[in-house]
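Quick note on labels: first sequence line is chain A, next is B, and so on, each numbered from 1.
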Amino acid sequence: MLQLSYIREHKDEIIDRLKIRNFDGEKVINEIVTLDERRRKSQTEADAKQAELNKVSKEIGVAFKSGDQEKAQALKAKTGKLKSSAKELFDVVSQTESQINTLLLSVPNVPNPEVPKGKSDEDNEVLEEFGEKPKLEADAMPHWDLAKEYDIIDFERGVKVSGSGFPIYTGKGARLQRALITFFLDEAEKAGYKEMMPPLVVNEASGTATGQLPDKEGQMYHIPEEDLYLIPTAEVPITNIYRDELLRKEDLPIMMCGYTPCFRREAGSYGKDVRGLNRLHQFDKVEIVQITQPDDSYDTLNQMVEHVKSLLKKLELNFRTVKLCGGDLGFTSALTFDMEVYSAAQERWLEVSSISNFETYQANRLKCRFKDENNKTRLVHTLNGSALALPRILASLIENNQTPEGIKIPDVLVPYTGFNMITK
RNA sequence: GGAGAGGUGGCAGAGUGGUAAUGCAGCGGAUUGCUAAUCCGUAGUCGCCUAAAAGCGGCUCCCGAGUUCGAGUCUCGGUCUCUCCGCCA
């Protein structure tokens, strides 16, 4: 959520920059500014009335104590009118406040100036490509066929048990999943991230603070009896660990990582996008999260990108780094880099990581602040990234490493899997 | 699920209707001839005034209503935490 004071002072700039993400903010921003003025005016008046009322109350107290009943009664008579006019003004304040709040929730983050314009993922800017696209035999299979051939994922029985989008990893497939999770966590810990095992369901306040609510309400599974949501990413519970907290500057940066399953309804998805492991209702992911001082956050963003790159290199995958254009940028993000690996058998790039700086957008909703060197209370910056999402990594690993003898496991994973080849 | 207790500042912790004690930490200042001590100030938030500070005012003792001239304190509703019982991996 954008800060009101920031909107007040940078109205036109915000409207302008929101255009980069194709968000027409002119009307809503102007409305916010107007309401804000009304609120402040009402508050000033209400405060004055209340101050007067408080003064009279004190005088009444003094009068009672000194035994001057008559004076006390006379003063009491004065309070009625003051009270009602103060209440009226305070009602305006709180009404306006809640209107402002509703509007603020509907405004996405302001993109960083370096975010390119664009409509969709096709307009994203490719920054670099690492490695060579593997050349596969003519009879190479996509991962959904390989999964069946080598008996490592059972999609059909997953449908029976839960529905489509809920695969069952079996035997060496399950072991490979577990190997990847452990490998990613080990690497994150080596890089300084503290491992967290958070709850997999969150309350409404948490969903709102990181920005999934109300924007993406329909994307999350909801448990009505308890009014809880299944997490769509570990970002939600992990970032919310520090909700409503006032940190000391030496606490920063806070580096956290965590493995969780992620649950997404993915309503409206179809076709080749959802084939096999490409898009699931439940998938596994290791997430890295950082809470930083504002001045450090863009260095941190780069550092996180480098971390993810190093993972992909160790897995011997070829990949590219993409800077998201305005149209593809998430609601809460100021700047996002995606990492995509090439699936040779599907002949397409698959997003395996998304690394974002939210600046103060989440922090403002989280009310996560710190005391800076001047002892001033300021909002922190929050960042997160997938390091990494498993299904598409698994898909490209098995597609790109298929050989006539079987599926070769990258060397770095062998200590985790205990085998270096998946055979029939 | 049943019964009881509780929620006060960054943290700890008093406070039974009339200006929210005190301790610790952090920050600022003063003082003292050495890694330190002592003293003073210092809360979060919103608004007014400012170039900025200072200053002034409102709100804030889990949340929301109510009683009252006045509520941390009394009443009602909600919520969360803890303890015990029950159930249970």
Is [Y] paired with [X] through a side-chain N to carboxylate O contact shorter than 4.0 Å?
X: A/Lys148; Y: A/Glu156; value: yes
X: A/Asp372; Y: A/Arg369; value: no
X: A/Lys309; Y: A/Glu306; value: yes
X: A/Glu45; Y: A/Lys49; value: no

Answer with yes or no whether the side chains of [Y] and [X] bring together a donor and an acceptor at under 3.5 Å.
X: A/Thr233; Y: A/Lys285; value: yes
X: A/Tyr259; Y: A/Glu195; value: no
X: A/Gln3; Y: A/Ser5; value: no
X: A/Gln290; Y: A/Asp296; value: no
X: A/Asn109; Y: A/Ser333; value: no
X: A/Gln402; Y: A/Glu149; value: no

d([atom1], [X]; [atom2], [N]) in whole Å:
X: A/Lys376; N: B/A52; atom1: NZ; atom2: C1'; value: 10 Å
X: A/Leu246; N: B/U45; atom1: CG; atom2: C1'; value: 12 Å
X: A/Lys49; N: B/C48; atom1: NZ; atom2: P; value: 17 Å
X: A/Glu9; N: B/A51; atom1: CD; atom2: C1'; value: 13 Å
X: A/Glu37; N: B/G47; atom1: CD; atom2: C1'; value: 14 Å
X: A/Glu245; N: B/A25; atom1: CD; atom2: P; value: 21 Å
X: A/Leu89; N: B/G47; atom1: CG; atom2: P; value: 16 Å
X: A/Lys249; N: B/C27; atom1: NZ; atom2: P; value: 6 Å

Hunt down the Watson-Crick or G-U wobble partner of [N], both distances under 3.5 Å, from any strand shown, or write none.
N: B/C56; result: B/G47
N: B/U35; result: none
N: B/C87; result: none
N: B/U16; result: none
N: B/G41; result: B/C27
N: B/A71; result: none
N: B/C82; result: B/G4

What interatomic distance, in whole Å, is found between [atom1] of [M] and the corresponding atom of [N]?
N: B/A5; M: B/A89; atom1: C1'; result: 28 Å
N: B/A71; M: B/A20; atom1: P; result: 12 Å
N: B/A65; M: B/G57; atom1: C1'; result: 26 Å
N: B/U16; M: B/G64; atom1: P; result: 24 Å
N: B/G17; M: B/U79; atom1: P; result: 29 Å
N: B/G7; M: B/G15; atom1: P; result: 10 Å
N: B/U73; M: B/U19; atom1: P; result: 14 Å
N: B/U31; M: B/A25; atom1: P; result: 23 Å

Mind running a 4.0 Å heavy-atom check of residues 221-231 of chain A against RNA chain B and sending the residues that fall below it, in number order?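 Listed by number, there are none.
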
Could you check whether the rings of A/Tyr221 and A/Phe166 sit parallel, tilted or perpendicular, using 30° and 60° as the cut-offs?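 Rings of A/Tyr221 and A/Phe166: tilted, as their planes differ by 30° to 60°.
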
A/Asp36 or A/Glu250: which one's nearest nucleotide on RNA chain B is closer to the 5' end?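 Closest to the 5' end, via its nearest nucleotide, is A/Glu250.
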
So which one's nearest nucleotide on RNA chain B is more toward 5', A/Val62 or A/Arg40?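 Final value for this comparison: A/Val62.
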
A/Arg8 near the nucleic acid: base, sugar-phosphate alone, or nothing, with a heavy-atom cut-off under 4.0 Å?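 A/Arg8: backbone/sugar contact only, no base atoms under 4.0 Å.
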
Of A/Leu252, A/Thr292, A/Leu366, which meets side-chain contact (heavy atoms from CB on, under 4.5 Å) against A/Val380?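 Single pass found, and it is A/Leu252.
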
Would you say a side-chain N or O of A/Arg248 is under 4.0 Å from OP1 or OP2 of B/C27?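 No.
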
Residue-phosphate contact under 4.0 Å: A/Arg39 side-chain N/O, B/G47 OP1/OP2: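 Checking A/Arg39 against B/G47: at least one side-chain N or O falls below 4.0 Å of OP1 or OP2.
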
Contact string for nucleotides 58-71 of chain B, one letter per nucleotide 5' to 3', B = base within protein heavy-atom range under 4.0 Å, S = sugar-phosphate only, - = neither, reads SS---------BS-

